[in-house]
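To start, the structure itself, in structure tokens.
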Amino acid sequence: MLRRTVILMTAVLATAAGAADTPPAIGTILKKLEANYRMASDVKAQVALTQQKAGQGVKAIEMQYYRRDRDNTFVIVMTAPEAEKGNGYLRVGDNFWMYRRNTRTFQHINRDESIGGTDARGDDFETRNLTELYEGAKGPDGGEIISQEMLGKIPTWKFEVTAKVNDVDYPKKIYWTQKDNDLLLKEEAYSSSGTLMQTAYYLKYTQVKGRYVPVRQMFIDEFEKGNKTIVDLSNIVPEKLDDAIFTKAYLENLSK
Amino acid sequence: MNFIMQMSLRNLVRQKRRSILLGTAIAFGTMILIVANSFSRGISDVLFNKVMSFVSGHVSVGFSEKGRFQQQIFRDGERMIKLVRDNVPELNTLEEAIGIMARVVGNGKADNAIMVGVDLGAEASPEELKLVEENFKVIEGKFEDIGRTDVENPVLLSNIKADFINVKIGDRLKVRFTDINNQRQSARLTVTGIFKPANVFMQMPMFMEMKTLKKMAGYGPHDISQLYLKLKDPKKNAIPVADRIHGLMTPRAAVIAGEAGAGGRRCGVSVLGFNTDSASLSALPRAVSVVSGDSACALGKGGIFATRELADALGIRAGDTCAVTWRLKLDPGEMTAGFVVNAVVEAGAGAPALYVNEKDFYESYYHHWPLSTAKDSGVFTPAAGSPLAALAAGEWVLLRRSKTTKEFQEQYKRIAKQKFKGVAVDVRSMYESASAILNLEAALNIITLAAVMVLFFIILIGVVNTLRMTIRERTREIGTVRAIGMQKADVRNSFLMETGFLSLFAALAGTAAAFLVMAGLSALKIPTEDNPLSMLLVNGHLHFVPAAASIIGHILLIMAITVGTAWFPARRAANLMAAAALRHYE
């Protein structure tokens, strides 16, 4: 009898605890992630990419990043290594150019081209609405695939999203977001055949004008073991940037 | 004239040793010119007829969706294949070609490779099979093993690649690539065969059965990537056939003809796309007048607008959803799609129509090909010449015939820059696909000609010197013939003819020597294994293609140069005073 009572009590408490932590709609979390990502003002930051490739050692790239969300514009100026210094990328609306310091020429490129020979691509720097690209995946019972999970010592929502459009790198992703503030902590990206291709860890956040910005991220290539890229953001300054920065002339002048 | 000719020939024979030495030099230059020219033509011949026919066919029809060169797909393949088969009687074989860049991971090592689709059921001539065997000699397993169904995604790869990524027959390897939807894709492959490539350039391909590769890459049953045409008499037919196909590929207006419904009311409708590049969007407000709704949104990149006729028939307003149902061409049944109307416009056409931005339009159009087309009766499209006709999206964009590879690349850049959402179609013959080869041949010929001209410059100094010596030696003879009545012009012509005959005989001898040298060099067997130049050999032998017109041209050029050089000393001899010449003494 005592045992049955304990079981019953445990079940009730578990149900109560579950009711208190009813999973939110995945769309709601995606909207929060999206809102957090979008900056209210222009922003500039220093970005350091450290890329480790199996059997090829480590490649470090530093760049200055200027972003203006109101018209989906950004500029990247490479500052290291020496071979890349002065090269840059300019995105204005739908147009994306690569600037080469040596030849002082601009080349119109696709947004899916590599930045500085790394795994990072032009579209990684774009501001795109998550909710336009992904939606919550449905399980066999018709409900959204979302559950609670401890990520280390942090309670998180683990949920699966699938692409709404074709124009995305990965058709399926699994996110882990911190329960109390909806920060993205981990992300797994799957190919359409269901293979885990990449795991991203958002290791450190800082607050800039009331928004959380991930200042240290680690991307692990799950397909080719031993490859990983660490992205560090520093000197983040959210302020109105001169319109002249988002021009070809700005990149040209830097190399004079 | 006969007398002068005889005199010239006699003079040539009189100084045999001098003539032979000078003639040998001219013959040597001629031989070098002909051998080098035949060799460069041979390289072109090999590249065009032995390599390019495999790399891009004699004529290729390429398709690229959304302005992305790598996204090679056309979603109604049967239509294009039928169009080619029905209109190209010169066709030998028609094949689909697909090659996908991939990162391949073996046992602890990774490398880049190109996955190439092979249709094992396709027709192939004995020459083609022989060439495949020469370039990709299977050393383990069989080529046909890529068609096995008892293993997962069978693949044939080079021994160099297999060694590098540490795999052998029966091993599994992983590949990562970008599929046709531009998404990252991965797959497991099973090694069923290993080949030894003819040279290092041939180590990149990994051969897979076409159906397997297409399925992996996300192609549907009606999709094709590129078409390669192999023709009878390709040198003669490649360009005319490419021009003909290009003419037949002119796109019509893209239209989805179906039935629209909203609020229980229904009517026939034509759904058309409108181009959303900057120029088209700026012209759009002049083509239609917005009656109601959000004009900025409706006439923008993501806009959708209905004609007043459609709005009246369905009773819809801006913000309402219009469901359109149409019969499908490639699959049985119908498709229904909902379009949220941003505005109602007066388009002046008098027909119920819905205009959708090209991105959303092509998404419906290409993935659900409508049965009806613009040429069917009762299907509305904007009248030719009307402002809307110029802005309406076509079935595809046909790129103009490029003259060179560079021009073709420039066209693709423009398409990519415009962010065109449909399919770009290009038709190329092997001459445009490989204009670089033609440039290479031209460059080789120029280099050869320049080198031979330097040689001839030295030879011509000999010609001038010889003539000067001859004139000096024959000064009194010139005086004698002038004294007995020979005209100045005849004296000059006798020297010119002497030089002309010398260069003609020498050039003919040089030509004969060139053929002997080419025969000798062609007979040499050159090892092809691990030899990067083996691609330029035919069965392990150097390949020369002498051309009669070219040889005659070279002989005439050599004669013109030598005779031209002889002109001035000959004139000087002719201008000698008879009395002074007779007094000459050494």
Considering all heavy atoms of both residues, which atom of B:V175 and which atom of A:F223 are nearest to each other, and what is their separation?
C-CZ, 3.2 Å
Least distance between heavy atoms, A:V165 atom then B:Q183 atom:
O-NE2, 4.1 Å
Please indicate whether B:K215 has more than 12 foreign heavy atoms, meaning atoms of other residues, nucleotides or ligands, lying under 6.0 Å from its NZ.
no
About how many Å separate CZ of B:R184 and OG of A:S193, when rounded to the nearest 0.5 Å?
13.5 Å
Around A:K248, counting heavy atoms of other residues, nucleotides and ligands shown, do more than 12 lie under 6.0 Å from its NZ?
yes
Min side-chain heavy-atom separation B:R103-A:D221 under 4.5 Å:
no
Could you tell me whether B:K211 atom NZ has more than 12 heavy atoms of other residues or ligands within 6.0 Å of it?
no
Of the listed residues (B:R188, B:E363, B:K66, B:K301), which shares the most heavy-atom pairs with chain A below a 4.5 Å separation?
B:K301
Rounded at 0.5 Å granularity, tell me how far CD in B:Q185 sits from OG in A:S191.
4.5 Å
Could you give the distance from OG1 (A:T195) to CZ (B:R176), rounded to the nearest 0.5 Å?
11.5 Å
Tell me if the NZ atom of A:K172 is crowded by more than 12 foreign heavy atoms within 6.0 Å.
yes
More than 12 heavy atoms of other groups within 6.0 Å of A:K85 NZ:
no
